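Just below is one structure, and these are the notes that go with it.
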Amino acid sequence: MSSKRFAEVIVELKSSQVDRPFHYEVPDHWQQQVEIGTRVLVPFGPRRLEGYIVGFSMAAEVTKTKPILEVLDDEPPLTPDLVQLAGWLSERYLCTTAAAVQALLPSGMRAKASTTLRLADELPFVQPGSLEADLLQALYESPNKTKEQLIAERPEWRPILRAWVAAGILIESYRIKQGAQVKTITCLRCTLDATRFPAALEALGRAKKQKEVLAFLFDRDDAVPMKDVLSELSASSSTLKPLLEKGYIQKEEQEVLRDPYGIVHGQKEQPLPLTELQRAAYDQIAAAVDSRKPETFLLQGVTGSGKTEVYLQAIASCVAQGRQAIMLVPEISLTPQMVERFKKRFGDDVAVMHSRLSAGEKFDEWRRIRQGDVTIVVGARSAIFAPFHSIGLMIVDEEHEVSYKQDDHPKYLAREVAMYRARQHGATVVLGSATPALETRWWAHQGQIRRIEMSERVMGQRLPKVKVIDMRNELQEGNRSMFSTVLQKEMEKRLETGEQIILFLNRRGFATFVLCRSCGYVARCPECEIPLTFHKARGLEQLRCHYCGYAERMPNICPDCQGDHVRHFGTGTQRVEEELNRVFPEANVIRMDVDTTSGKGSHAVLLQRFRNQEAQILLGTQMIAKGLDFPNVTLVGVISADTSLFVPDFRAAERTFQLLTQVAGRAGRHQLPGEVVIQSYNPQHYAVQFAKKQEYENFFQHEIRVRHAVHNPPFRELTAFTSVNVNETEALRIARTVEDRLRILFQGRDDVIILGTSPAPLSRLQGKFRFNVVVKYVRFKQVGASIRTVYLEAAQEAQKAGGYLSIDVNAQMIL
DNA sequence: GCGGTCACATGA
DNA sequence: CATGTGACCGCG
């Protein structure tokens with residue numbers, strides 16, 4: 001045998017102190033089974049931990065070692081390229097390798113090792129009434145309790161347990177419990193062959209039902225699910241018992257995959273004919289996939305230009321080459337209709353991945369991918385980690401969406417992960433949007449990305465007419481309603497003709513805060529300092545904090561000046577609904593917001609009702625802005641374009657433009673011409689003006705100059721440190737430490753700008769103080785190592801101070 | 001991340 | 001000195 005190899009294992013602990021490989025001996029009987037990516041159970045100090053093999057080293061390099069205790073899977077969960085990806089994630093987003101590994105595997109993958117205890121023959125002598133006596137009694141009474149359970153019950157038993165194990169009074173053994181279980185169903189099989197079957201049937205005598213069951217199973221070659229047998233023959237399980245006892249039939253467990261969507265039966269849908277523009281886009285993408293060289297496209301197509309059909313056909317051509325494809329969509333647009341479209345085109349070659357699946361369902365979809373049962377994945381952000389072995393194409397639809405940035409560690413950006421995997425696999429990335437992220441459009445301008453434009457709508461419909469209403473004039477003219485005269489008139493028209501209306505409430509940031517019109521008092525959450533929002537449920541007027549859930553009654557008089565002019569201000573969907581009921585009492589309204597769509601599937605139900613024309617007006621927030629397509633909608637109203645413009649965020653203009661453009665795109669996608677009314681107190685703002693004309697390119701030209709002037713993306717990348725602590729001075733101190741160290745490290749570097757310590761826009765969340773330090777730099781490669789050092793050191797100090805420090809590399813939003 | 005251990009305070 | 005408590009050490 002060649003010289004012994006030792007496994008380098010990353011243990012499942014998310015602490016920077018242990019974020020390095022540890023060496024373990026591979027027992028001979030596992031030599032064949034372990035490879036890079038294998039999940040193992042290893043001894044780690046006094047504990048047993050799950051870990052992943054990330055490499056091997058030779059004996060000479062190893063100083064200390066213990067043997068691997070267990071190999072946890074038949075097939076390694078991670079492929080070597082995923083191990084490499086985990087390494088990259090940890091470097092790019094400054095997280096531990098363990099955290100990266102966890103992000104790229106389905107939740108529920110984690111196994112739990114538990115320790116069982118058995119009393120040896122020799123019993124300990126214990127003082128009656130002592131801790132030891134209690135423990136001994138517990139061990140007798142519930143011998144199946146694990147060591148972990150006992151310690152959780154009475155922590156003071158821990159040292160006794162340790163002593164008894166050392167003295168040989170207790171014998172430990174461990175058991176592994178998989179997180180998500182492989183689901184099995186019980187099946188029945190006839191054990192008899194043709195020679196013994198007649199005799200057995202005879203022997204059953206007058207047991208008619210038993211004979212039926214036996215004959216039924218004898219006719220089948222395969223095992224049949226028990227519940228099918230019972231329902232088919234309308235037998236009960238008691239019929240089976242004698243057959244099992246006689247050994248004529250046997251039970252066996254068969255693995256099944258949970259399939260949350262089911263297989264779509266019937267004819268697979270055929271590809272649709274492509275327009276000239278679609279054909280041109282398809283040809284370029286398919287050629288890139290063929291070339292097997294990594295390449296990224298920006299597919300910039302106006303709403304209704306038919307991007308999805310291009311995606312579908314590009315995926316088909318990729319799959320035809322024996323390679324796999326990943327399609328990312330924003331979580332919100334991962335609707336049943338969307339999934340159905342893929343299932344209809346590709347049948348059961350498709351796996352679906354999103355956050356609303358149960359842990360078991362996720363695990364099973366993941367296994368279908370890993371085992372090669374499917375070639376296509378449709379999913380939200382994390383689907384970019386699908387464990388395919390040869391990816392040909394990755395599509396990021398609506399690539400500008402903020403939801404492509406993960407909000408906890410590792411705070412990855414799906415678009416970047418796609419581009420990294422493309423380099424690993426020689427794959428093509430397609431970033432699709434009508435309103436691309438400014439960065440993406442800029443990279444296309446610079447030539448790093450190839451841009452394909454689709455500027456015409458497939459059906460040749462005209463873009464909707466957009467009117468911008470200056471709300472300041474309305475107020476001057478004495479219209480105190482939230483609907484301008486124009487919007488109200490247009491709505492009346494639609495209600496008469498029976499056409500439908502979508503009302504969009506741009507509620508980002510400041511919603512319905514409560515303000516005293518006499519003294520300016522604003523009701524805030526005592527914990528978070530965030531303006532409370534007004535809610536009305538079952539006649540009860542309440543103020544609630546959107547971040548921590550705090551609630552109080554709506555005050556009648558101002559707590560500050562005792563005046564009686566306290567009003568809720570801004571506009572929430574509920575208030576618009578009330579106003580609608582007042583102005584148009586005969587109209588049916590469907591309201592969609594967090595309150596009405598919390599239940600599972602309620603989102604889809606409401607949309608279906610609107611589609612069935614059970615209501616003339618659909619009223620909602622961002623969640624109705626995209627992906628919707630209703631033939632009978634001819635009017636879209638935006639109550640106020642302003643709210644998102646004044647969010648303290650450099651992307652506010654971009655977001656507002658994108659939102660307004662998307663919303664406007666909802667109108668008139670079919671035969672009927674569409675109209676859009678945007679109300680604003682700042683109608684002259686360029687984001688509003690360019691959205692009105694649906695001019696992305698002009699908006700881009702304008703905004704890019706703004707970004708350049710103030711050194712914001714795409715000219716610099718932003719990384720944000722957030723120091724969090726219940727103690728304000730400590731939070732501030734850590735943030736200042738970060739700032740000071742960064743200033744020292746980057747002294748004299750004009751490619752780096754440090755924005756000093758400032759209270760975070762959400763300065764108090766859940767009773768904790770938050771301070772931000774933001775670094776702007778040109779190339780992460782040139783600053784990453786320094787930022788990492790500062791982060792690791794300061795994070796440790798923050799922990800000592802009872803708080804924590806988090807980091808967001810390439811932050812999309814500073815919160 | 002966390003169990004073990006060590007240094008030190010507290011109390012009789 | 002026994003016992004409790006908090007910091008920190010090191011895991012292969």
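By convention in this document, chain letters (A, B, ...) are assigned in the order of the sequence lines, proteins followed by strands, and residues within each chain are numbered from 1. In this text, all values refer to a predicted model and were calculated from it rather than measured experimentally.
One interatomic measurement links the two molecules: CZ of A/Arg48 to C1' of B/dC2, which rounds to 15 Å at whole-angstrom precision. Straight-line distance from the CD atom of A/Glu148 to the P atom of B/dG1: 19 Å, rounded to whole Å. If you take OH of A/Tyr804 and C1' of B/dG1, they are 17 Å apart, rounded to a whole angstrom. Taking atom CG of residue A/Leu49 and atom P of nucleotide B/dC2, one finds them 9 Å apart after rounding to whole Å. If you take NZ of A/Lys66 and C1' of C/dG10, they are 11 Å apart, rounded to a whole angstrom.
The main-chain N or O of A/Thr757 is found under 3.5 Å from a side-chain atom of A/Glu739 such that the two form a donor-acceptor pair.
For A/Lys800, no side-chain nitrogen or oxygen approaches OP1 or OP2 of C/dA7 to under 4.0 Å.
In this view, A/Glu148 satisfies the salt bridge (charged side-chain N to carboxylate O under 4.0 Å, His left out) rule with no residue, not counting sequence neighbours.
Within a 6.0 Å radius of NZ in A/Lys145, no more than 12 heavy atoms belonging to other residues, nucleotides or ligands are found. Environment of OH in A/Tyr804: sparse, with no more than 12 heavy atoms of neighbouring residues, nucleotides or ligands closer than 6.0 Å.
The pair A/Arg92-A/Glu717 counts as a salt bridge, with a side-chain nitrogen and a carboxylate oxygen less than 4.0 angstrom apart. Comment: A/Arg367 engages A/Asp364 in a salt bridge, judged by a side-chain N to carboxylate O separation of less than 4.0 angstrom.
If you check residues 11-22 of chain A against DNA chain B, the residues with a heavy atom closer than 4.0 Å are A/Leu13, A/Lys14, A/Ser15, A/Gln17, A/Val18, listed by number.
Across all strands, A/Phe44 comes closer than 4.0 Å to base atoms (heavy-atom distances).
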I'd like a table of atom pairs between the protein and nucleotides 3-8 of chain B - only N or O on both sides, under 3.5 Å - with the distance next to each one.
unit_1	atom_1	unit_2	atom_2	d
B/dG4	OP1	A/Arg162	NE	3.3

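In this structure, a donor-acceptor pair under 3.5 Å is absent between the side chains of A/Tyr777 and A/Gln782.
Seen from the ring of A/Phe56, A/Arg5 counts as a face-on cation partner, given the 6.0 Å and 45° thresholds.
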